[in-house]
Amino acid sequence: MSIAKTYNPKEAEDKWYSYWMENGFFRSIPDEREPYTIVMPPPNVTGVLHMGHMLNNTIQDVLIRRARMQGKNACWVPGTDHASIATEAKVVAMLKEKGINKKELTREQFLEYAWEWKEKYGGIILKQLEKLGASCDWDRTRFTMEPDLSDAVIDTFIRLYREGYIYRGVRMVNWDPQGRTALSDEEVIRREVNQTLYYVRYAVTGNADGAPSYLTIATTRPETIMADTAICINPNDPRYTHLKGKTARVPLINREIPIIEDEYVEMEFGTGCLKVTPAHDLNDYELGQKHNLEVIDILNDDGTLNEKAEILVGEDRFKARKAVAKLLEEAGQLEKTEPYQSQVGFSERTDAAIEPKLSMQWFCRMQELAKPALEYVLNGDVKLIPDKFINTYRHWMENIKDWTISRQLWWGQRIPAWYNAQNDWVVAKTEVEAVSLFQAEGKSADGIRQEDDVLDTWFSSGLWPLSVFDGTRHPDNADVQYYYPTNDLVTAPEILFFWVARMIIFGHEYTGKPPFKNVYLTGIVRDKLGRKMSKSLGNSPDPIELMEQYGTDGVRVGMLLSSPAGNDLMFDVAYCEQGRNFANKIWNAFRLVKGWEIADIPATSAQQEAARWFGNRFNQALHEIEGHFAAYRISDALMATYKLVWDDFCAWYLELAKPAYQQPIARETFETAKTFFASVLRLIHPFMPFISEELWHDELFGVRAEGDCCIVAEYPQAGEYDEKLLTDFVALQQVISEIRNLRNTKQLSPKTALPLAIHATSDIDFARYAESIQKMATISEITFAVQKPSGVASFLVGKDEFYVDVAQNIDVEAERERISKEITYLEGFLKSVNAKLSNERFVQNAKPEVVANERNKKADAEAKIKLLEGSLASL
RNA sequence: GGGAGCUUAGCUCAGCUGGUUCAGAGCACCUGCCUUACAAGCAGGGGGUCACUGGUUCGAACCCAGUAGCUCCCA
């Protein structure tokens, strides 16, 4: 097999991914094992992989691979979402390029184009996930608009309608004039925008002599004055008492409107007079309802003015704004303008400014449905990770509003409502059923037609954890019984309400259970300047290119290293580089072991001690790693793994076990090293699936049986470990490090062996480690002394003294200074300890073990000072 | 305007129920090494008034109040 000096990921990646697929390792079918299930947040079917997907799916893959290795029946369900607005917008744009206007097409014709588009671009993102190594059960791939899932959506609509949750009504909705559809509140992004505040004069009719014949109103939307149906003043406003009961005339069109009074008007804002435009502003609409005002809607669906505006008919709303301002100025009715900043809503999908618009829509009543969904999170049945999101979730669920579920689009599930010629309507799955429903109500079904609108995409994604297992239609089927509720959901906090909350709601509605136990909320991937990565900014690296450059394992490690739970991550390719380097480190460690020549000789003391220590250290680290996983601290789990492999395994274990130059290795040590290596491979597999699988199959391990793969090997289980042995070894490492440092500061070559004398008073058995010290610190011989020899450098580890004969290199002055410094430090330390111990209140109030600990510290410090003073004297 | 959160080394972040002179990790940086596993490396090292001000306590990065700056969510 390969002995290349650097790891070449590309070959391994293609090879092993297809091998896993061929062997069905990703496949899951219900059996007697414990299930572990994740449903993938379905990406937009026509989308491409971005950094957010990479992060999200890497985490899911780590969780699923680990569960699989732990012997659970791991099932990761992939799929895509039809994303109605986004996809329809793309198709419309594509048609436009071809010179086809959507309006000229029938619904059927349009959908044909849309499906064609979906077929062409639909699979891209899933292919990209394969490159990432995602071990999903591809046989279970679902699409929210495939027949079964659409069926589930329609059934759910009918079910909720029959239960009284769904209704139809005229409401002020967020209208996207570009997408020509209503949007839910969550799809509207508010941004601070620089605007102009126009001060417009309205003529007042029937005013008494002497009073001004006009009033002034401040508005950011002069183009809507033609839709004004009242002027409103605050009844407590002394400036406007003369206006009470009067009427005013709308400028330019001279329509007469009443002046009404309502405390809603803020006297401080603008002029204190408010124009009331019920058709084009939510607050005005409510005011209009209260005061029974007429509603005049002057806008078409595409944002142009209609004939009710009387002037500028057909003009776009923003052009009309400027035109009206100009006309007002010419008419002398524009008093002044001033710059003004305010929040404006924009469509998440098309970025068009949202127009509040009255329209007939379908709604889902949410208040009652939200209650159990909130309860699950509050009582911990559904855990949000990190839990700081519980508050946000609660706030939203407690203030939830009805959900606008209809969208004026064609791409999506068509609402199962049917109208007759008289516009009466019924809700039914089929036309035949609808006809009989009409008849049952004694109404004619003549001219029957289906509702044109489709359902919000989130309505179908809300069913996702159930519908992928066909759980809405066949609640008793084996899959849903086995896999539902799923275990973990990994998604972005931005869609906690859009999606997560609705899945919980629907899950409860159908099964009385929440759809998952844990929701891991990842952060947003930002660039190192903290800006969100986006196509328009061009600050996002191409994930595929990254994987080409650093290897998939490297990129996976890079993503996770920079990703503490729940925090946004400041991505930098340097992390991927670190990941690549890590893979390369493992590769080279493997080359070392592979290169050993085996002989039937006894293991050296260093080799024996190394094996004894690493076995314990591995178990200790495994406990830490388990703890991190249990708390979903994936990046900490990875970092602990990284340090275990790089520092403990490579820098300490292998260095100790390594035979002398051109010497063979004891068979026993070789076998142990191989066993450790195999454990390391199993441990890193969830993070680095490719290199671990590649090495797993190396001939070093002999011929692997069919199906003996790292992906399904048993995940290492944390065993017992000897704490004393591990702390002793830490002291040993300190000794070695001190000697190396000594050599470094004295500018001695690392090759010259130095003699070491040890004066140990602790219970650490240094004789046992003598050979290890010699090997790691290049020591010629070790003696055990009682007294400090003269003319040597010394250092202290714990209570034990070490003397290194650095020959003539001893600089007495420097040594004196170093020791004095250490004494000063210890004296300071001792002082602070004594201060505590002589403080009666401390001794009385502090916990006994804390006090005892302070006494130990005191004794230790005193002993050390004594030793150091001895050293100083002997210089 | 309402709500949530953040501020610890040059960067990204740990620091659990206050208790070692508690300030830690990775990366970056500095010094010396091409020591036949790895320069994508090895060995060693430096670096922080824990945003600021006050309080509680024997003791505060940690608890409380206020100030400043930043982020997110909702209106």
Side-chain angles (χ1 to χ4, degrees), chain A residues 3-7 185-186 190 282-283 343 345 386 388-396 399 401 493-494 496-497 523-524 526 528 530 550-551 554 558 561-572 574-575 577-596 627-628 631 633 635-636 638-640 642-643 646 650-651 654-655 658 661-662 736-745 747-751 776-778 825-833 835-847 849-851 853-854 856-858 860-861:
Chain A
I3 44 151
K5 215 171 166 183
T6 48
Y7 168 57
D185 291 342
E186 293 73 37
R190 288 189 163 70
L282 179 58
N283 295 317
Q343 296 271 328
K388 68 178 177 187
F389 287 107
I390 294 173
N391 277 336
T392 323
Y393 181 83
R394 174 166 53 196
H395 189 255
W396 193 77
N399 297 288
K401 297 205 191 95
E494 307 153 326
L496 185 58
F497 313 127
I524 295 165
R526 299 175 180 279
K528 51 180 166 180
Y550 297 103
L561 278 178
S562 55
S563 164
N567 284 344
D568 287 357
L569 62 104
M570 306 299 160
F571 181 81
D572 189 331
Y575 288 112
E577 206 177 310
Q578 193 180 352
R580 178 200 60 181
N581 294 354
F582 185 41
N584 195 48
K585 182 73 187 175
I586 295 165
W587 180 259
N588 276 291
F590 196 80
R591 285 180 65 219
L592 172 69
V593 176
K594 201 173 151 68
W596 283 340
H628 290 314
R633 304 170 69 121
S635 66
D636 288 343
L638 173 58
M639 184 46 72
Y642 178 93
K643 286 196 270 193
W646 199 309
C650 295
L654 287 179
E655 288 299 334
K658 193 166 151 178
Y661 181 53
Q662 285 191 333
I736 291 162
S737 183
E738 286 282 0
I739 298 169
R740 286 167 172 175
N741 185 19
L742 205 63
R743 203 190 303 273
N744 233 327
T745 50
Q747 308 242 312
L748 292 170
S749 155
K751 285 173 189 162
M776 298 298 276
T778 323
Y825 167 87
L826 281 167
E827 278 170 345
F829 175 75
L830 189 61
K831 202 173 147 195
S832 84
V833 173
K836 276 188 203 175
L837 286 171
S838 58
N839 182 333
E840 263 177 56
R841 289 203 280 182
F842 170 74
V843 181
Q844 277 166 12
N845 296 334
K847 280 180 275 182
E849 59 267 32
V850 172
V851 179
N853 196 18
E854 291 300 316
N856 282 338
K857 275 154 62 179
K858 179 182 158 89
D860 279 0

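Naming: A, B, ... by sequence-line order, numbering from 1 per chain. Side-chain atoms are counted along with the backbone in the values below, which use heavy atoms only and exclude waters and symmetry mates.
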- request: Just compare B:G15, B:A75, B:G26 and give me whichever is closest to any side-chain atom of A:Gln578.
  value: B:G26
message: Can you identify which nucleotide, out of B:C73, B:G15, B:G26, has its nearest atom closest to the A:Tyr575 side chain?
response: B:G26
With rounding to the closest Å, how many angstrom separate the [atom1] atoms on [N] and [M]?
N     : M     : atom1 : result
B:C50 : B:C33 : P     : 38 Å
B:C64 : B:A25 : P     : 28 Å
B:C42 : B:U35 : P     : 14 Å
B:U8  : B:U49 : C1'   : 12 Å
B:A51 : B:A60 : P     : 15 Å
B:C22 : B:C13 : P     : 27 Å
B:C29 : B:G47 : C1'   : 9 Å
B:G18 : B:G54 : P     : 24 Å

Set of residues satisfying ring-ring contact (aromatic ring centres under 6.0 Å, His included) with respect to A:Tyr7, sequence neighbours excluded: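 Only A:Trp587 meet the ring-ring contact (aromatic ring centres under 6.0 Å, His included) criterion with A:Tyr7.
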- prompt: Considering residues at least two apart in sequence or located in another chain, which fulfil the ring-ring contact (aromatic ring centres under 6.0 Å, His included) criterion with A:Tyr642?
  reply: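 With neighbours one apart ignored, the set is A:Phe582, A:Trp646.
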Rounded to whole angstroms, how far apart are [atom1] on [X] and [atom2] on [N]?
X        : N     : atom1 : atom2 : answer
A:Lys831 : B:U21 : NZ    : C1'   : 13 Å
A:Phe497 : B:G3  : CZ    : C1'   : 11 Å
A:Ile390 : B:G5  : CD1   : P     : 12 Å
A:Ile524 : B:G5  : CD1   : P     : 17 Å
A:Leu561 : B:A28 : CG    : C1'   : 15 Å
A:Lys388 : B:G3  : NZ    : P     : 19 Å
A:Leu569 : B:C27 : CG    : P     : 18 Å
A:Tyr642 : B:C27 : OH    : C1'   : 8 Å

Any side-chain heavy atom of [X] sitting closer than 4.5 Å to one from [Y]?
X        : Y        : value
A:Val843 : A:Asn839 : no
A:Leu561 : A:Ser635 : no
A:Leu496 : A:Trp396 : no
A:Lys857 : A:Asp860 : no
A:Arg743 : A:Thr778 : yes

statement: Scoring nucleotides 37-49 of chain B by protein non-hydrogen atoms under 4.0 Å (B base, S sugar-phosphate only, - none) yields BBSBSSBSS----
Test of understanding: with side-chain contact (heavy atoms from CB on, under 4.5 Å), list the residues that count as partners of [X], not counting sequence neighbours.
X        : answer
A:Leu830 : A:Asn834, A:Lys858, A:Ala861, A:Glu862, A:Ile865
A:Arg526 : A:Ile524, A:Lys532, A:Asp568, A:Met570
A:Ser749 : A:Lys751, A:Thr752
A:Leu742 : A:Ala793, A:Val804, A:Val806

task: Kindly compute the distance separating OG1 (A:Thr6) from CZ (A:Arg591), expressed to the nearest 0.5 Å.
output: 8.5 Å
Between the protein and nucleotides 17-20 of chain B, which nitrogen or oxygen pairs are less than 3.5 angstrom apart?
| from | atom 1 | to | atom 2 | distance (Å) |
| --- | --- | --- | --- | --- |
| B:U20 | O4' | A:Lys857 | NZ | 3.4 |
| B:U20 | O3' | A:Lys857 | NZ | 3.0 |

message: Which residues pass the side chain to side chain donor-acceptor pair (under 3.5 Å) test with A:Asn283, not counting sequence neighbours?
response: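 So A:Asn283 forms a side chain to side chain donor-acceptor pair (under 3.5 Å) with A:Tyr264.
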Residues which pass side chain to side chain donor-acceptor pair (under 3.5 Å) with A:Lys658, listed by chain and number, not counting sequence neighbours: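 A:Lys658 satisfies side chain to side chain donor-acceptor pair (under 3.5 Å) with A:Glu655 only.
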task: Check every strand shown and say whether A:Lys401 touches a base, only sugar-phosphate, or nothing at a heavy-atom separation below 4.0 Å.
output: sugar-phosphate
Short N/O separations, protein against nucleotides 61-65 of chain B, under 3.5 angstrom:
none

message: Main chain of A:His395, side chain of A:Asn399: is a donor-acceptor contact present, judged purely on distance under 3.5 Å?
response: yes
query: Given pairs defined as Watson-Crick or G-U wobble with both distances under 3.5 Å, what dot-bracket annotation applies to RNA chain B, with ( ) intrastrand, [ ] crossing, | other strand and . unpaired?
result: (((((((..((((.....[....)))).(((((.......))))).....(((((..]....)))))))))))).
- prompt: Is the shortest side-chain N/O distance from A:Arg394 to OP1 or OP2 of B:C74 below 4.0 Å?
  reply: no
